[in-house]
> 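Here you go, one structure.
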Amino acid sequence: MTIDWWTLGLQTVNAVILIWILARFLFRPVSRIIAERQDAAHAALDAAEAAREETETARDAARREAEALAADHARRIAEAQAAAEDEKRRLMAEAHAAADKARAEGKRDLEKLRATQARELSQEAGTLAADIAARLLDRLPEEARVTGFVDGLAEAVAELPEATRASIGSEGPVTLRAARPLADGEAQQIAERLGTVLGRPPALSVETEPALIAGLELETPHAIVRNHFRADLDRIRTELARHD
Amino acid sequence: MMESPLSLEPLFHLGPVPITAPVVVTWAIMLALALFARLATRRLTLIPGKLQTVLELLVTTIDDQIRDTMQRDPAPFRALIGTIFLYVLIANWSSLIPGIEPPTAHLETDAALALIVFAATIAFGISGRGLRGYLATFAEPSWVMIPLNLIEQITRTFSLIVRLFGNVMSGVFVVGIVLSLAGLFVPIPLMALDLLTGAVQAYIFAVLATVFIGAAVGETDAAVSEQKDTPDAR
């Protein structure tokens, strides 16, 4: 067996050339496209990772936003509840105040009504008393409705101030009202009786006033002197009303 | 006197250079591979077709083999190892074509490939370790080992030659003898076995070349584990 050195050399050159050819036209392009695909895959993975991170960031932000909204919602509910409680307390206070006011007004109205009723009752009582007194006086003699009141009238006049007493009759006749028409001489007797008190008999202008029931009333320019049932009943009624 | 079947007769001469059959077959294989590579890689896309998928599978398999064997980035060694594997494989399988004798069945072709591996081992060793560092490897584990290490460099190159030559040549011989003694279809199982043998021999030759170069280059590239999924396009 011999070695063909030409063939050996040519085959060596051939192999070297083949290595260059395949490196240039096969291995390099294929490995390059593999690398490009891996780069693209890595880029896609990076993009996906970035998108995932972005999504997580957005999700976290949304969660934080939701939590903030929930907290704000809870705070608003708490505020609304507090406001409702305040409003409720205010309305309750107002209602209580209104109720107190209404109760007070009702009490006042009741008292006023009661006073009115008492007044009416007093008036009715006065009227009834006047009626009773009138009926009783109707049973008495007619002179009793006047003569029994002359002294009282004189005493009342005597209690007037000096100046008032002095003015009685000085400016003309004074009005004397009687519960019934005076008989002859009765006006004279009354004038004389008053004269004992005033020091001079006054000139009288007699008028009949049945509303007096019984008694006399003397009206001077500066005073009215009453001594009759009507005045007594009015006074009694006034007293009753005041005590009520 | 009968000529040795191992002897080479020139088919023709190019000037003073005798051109033998292994050279012509090698040129044919080169032409076929160059055309195939040019046409197959003309329209590479990010979404590969069937052919591109096969090419990528081939390249990634070669890369994985280099990476697993050398623990280094396969890019600088891809073209050498890949070309040796493809060429030896196709050369071995060329025996299926009637009238064609595989170039690897001749000692010159195997010797040429082994010489290239030998030269590449030295070149990559010096490139990886520096001249002093590479020469220092011959004194490992002790300077006493220098003669043995030098002899090992030679003998393993010869072992590459003889292993490939012996296996392919024997396969061709056996098929030829059986073909001459029996009918046309009898050696078909042997031819199928020859295909397997050819593939195995191509793989062994490429792996041994990788191992030799890896041993010459030495220390593991620490970055290889991180680059495992990122083949260098250079």
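These numbers were taken from a predicted model, which means no experiment stands behind them. Throughout, protein chains are lettered first and strands after them, A, B, ... in sequence-line order, and every chain is numbered starting at 1.
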> Between B:Ala34 and chain A, with a heavy-atom cut-off of 4.5 Å, which part of the residue counts as in contact: side chain, backbone, both or neither?
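Both backbone and side chain.
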> Counting C-beta onward and ignoring hydrogens, is there a side-chain heavy-atom pair between B:Glu56 and A:Arg37 closer than 4.5 Å?
yes
> Checking B:Ile116 against chain A: side chain, backbone, both or neither under 4.5 Å from a heavy atom?
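For B:Ile116, the side chain is the part near chain A, not the backbone.
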> Which atoms of B:Pro48 are under 4.5 Å from chain A, going by heavy atoms: the side chain, the backbone, both sets, or neither?
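The answer is both parts of B:Pro48.
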> Can you check whether A:Trp20 reaches B:Thr83 side chain to side chain, under 4.5 Å on heavy atoms?
no
> Less than 4.5 Å to any heavy atom of chain A: does that hold for the side chain of B:Ile62, its backbone, both, or neither?
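Only the side chain of B:Ile62 comes within 4.5 Å of chain A.
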> Check each atom of A:Leu18 against the heavy atoms of chain B and say whether the ones under 4.5 Å are side chain, backbone, both or neither.
both
> Side chain from CB out, backbone as N, CA, C, O: work out which of these in B:Leu55 comes under 4.5 Å of a heavy atom of chain A, or both, or neither.
both
> Side chain from CB out, backbone as N, CA, C, O: work out which of these in A:Leu10 comes under 4.5 Å of a heavy atom of chain B, or both, or neither.
side chain
> Contact part of B:Val23 toward chain A, heavy-atom cut-off under 4.5 Å: side chain, backbone, both or neither?
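Looking at B:Val23, backbone and side chain both touch chain A.
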> Heavy atoms, side chains only, cut-off 4.5 Å: are A:Ile33 and B:Thr45 in contact?
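When only atoms from C-beta onward are counted, B:Thr45 and A:Ile33 do not touch, as no gap falls below 4.5 Å.
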> Please look at B:Leu115 and chain A and tell me whether the side chain, the backbone, both or neither of the residue comes under 4.5 angstrom of a heavy atom of that chain.
side chain
